[in-house]
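One-based numbering along the sequence shown. Keep in mind that this is a model prediction, so the values were computed, not measured.
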Amino acid sequence: MIEREPLVVYYRSPKLLKLLRKMGNLTYYHKKRHYAIVYVDADKKETVMKDMRNLRGVKYVDESYLDKDMYQFDINVQ
């Protein structure tokens, strides 16, 4: 099974979504906040991130930390 990594891409124009679909699996995008979630292969993640950063209209590209347990939720709150 191929490992997939989620990336968060902040963009300026929704016209860029067509290019993002070609670079990976576009699963979600928010119209007003101008960001998209794109899943790419784990072994190609660094090169795809570099290519996305070089696209005209991309503000910022970052890894999504939601799947990596970076967030700790405490259930026993008093």
Side-chain angles (χ1 to χ4, degrees):
M1 188 156 110
I2 299 173
E3 290 290 324
R4 306 285 279 172
E5 295 275 336
L7 299 176
V8 180
V9 182
Y10 293 92
Y11 57 87
R12 297 184 199 278
S13 172
K15 293 179 183 179
L16 194 69
L17 293 174
K18 289 182 182 179
L19 291 174
L20 293 178
R21 282 190 181 109
K22 292 179 183 177
M23 297 181 128
N25 187 10
L26 179 70
T27 58
Y28 178 79
Y29 65 93
H30 197 282
K31 289 182 181 180
K32 289 185 180 179
R33 294 188 180 158
H34 296 283
Y35 75 91
I37 306 294
V38 180
Y39 280 84
V40 297
D41 294 340
D43 56 343
K44 298 179 183 177
K45 180 182 74 167
E46 294 299 324
T47 58
V48 172
M49 283 178 69
K50 184 179 175 184
D51 292 340
M52 284 182 181
R53 286 184 182 127
N54 290 334
L55 286 177
R56 190 172 184 191
V58 171
K59 292 181 188 177
Y60 186 71
V61 178
D62 194 19
E63 297 178 22
S64 176
Y65 298 116
L66 192 59
D67 293 342
K68 294 186 178 187
D69 288 336
M70 291 289 290
Y71 300 108
Q72 298 290 330
F73 298 108
D74 189 18
I75 298 173
N76 299 326
V77 178
Q78 296 182 11

Student: So, taking the atom named CG in L7 and the one named OG1 in T27, what distance separates them when rounded to the nearest 0.5 Å?
Tutor: 10.0 Å

Student: Excluding sequence neighbours, so at least two apart, what forms ring pair (Phe, Tyr, Trp, His ring centres under 6.0 Å) with Y29?
Tutor: none

Student: When you group the ILVMFWY residues by side-chain heavy-atom contacts below 4.5 Å and let the links chain together, are I37 and Y11 in the same group?
Tutor: no

Student: Show every salt bridge (Lys or Arg N to Asp or Glu O under 4.0 Å) that has at least one partner inside residues 17-27, sequence neighbours left out.
Tutor: none

Student: List the atom pairs, donor and acceptor, that lie under 3.5 Å between side-chain atoms in residues 47-57 and the rest of the protein, sequence neighbours left out.
Tutor:
residue: T47; atom: OG1; partner: K44; partner atom: O; Å: 2.9
residue: R53; atom: NH2; partner: V61; partner atom: O; Å: 3.3
residue: N54; atom: ND2; partner: K50; partner atom: O; Å: 3.2

Student: Report whether L26 and Y39 are members of the same hydrophobic cluster (ILVMFWY, side-chain heavy atoms less than 4.5 Å apart, transitive linking).
Tutor: no

Student: Of all residues at least two apart in sequence or in a different chain, which pass the side chain to side chain contact (heavy atoms under 4.5 Å, CB included) check with S13?
Tutor: K15

Student: Which heavy-atom pair separates K45 from E63 by the least distance, and what is that distance?
Tutor: NZ-OE2, 3.0 Å

Student: Provide the closest heavy-atom pair for A36 versus L20 in the form atom of the first, atom of the second, distance.
Tutor: CB-CD1, 4.2 Å

Student: Side-chain heavy atoms under 4.5 angstrom apart, residues restricted to Ile, Leu, Val, Met, Phe, Trp, Tyr: same cluster for V9 and L17?
Tutor: yes

Student: Hydrophobic cluster mates of I2, side-chain heavy atoms under 4.5 angstrom, ILVMFWY only, any path?
Tutor: none

Student: Taking only residues two or more places apart in sequence, or in another chain, which ones meet Y10 in a side chain to side chain contact (heavy atoms under 4.5 Å, CB included)?
Tutor: V8, Y35, K59, Y60

Student: Taking the side chain as every heavy atom from C-beta outward, state whether N25 and R4 have any atom pair closer than 4.5 Å.
Tutor: yes

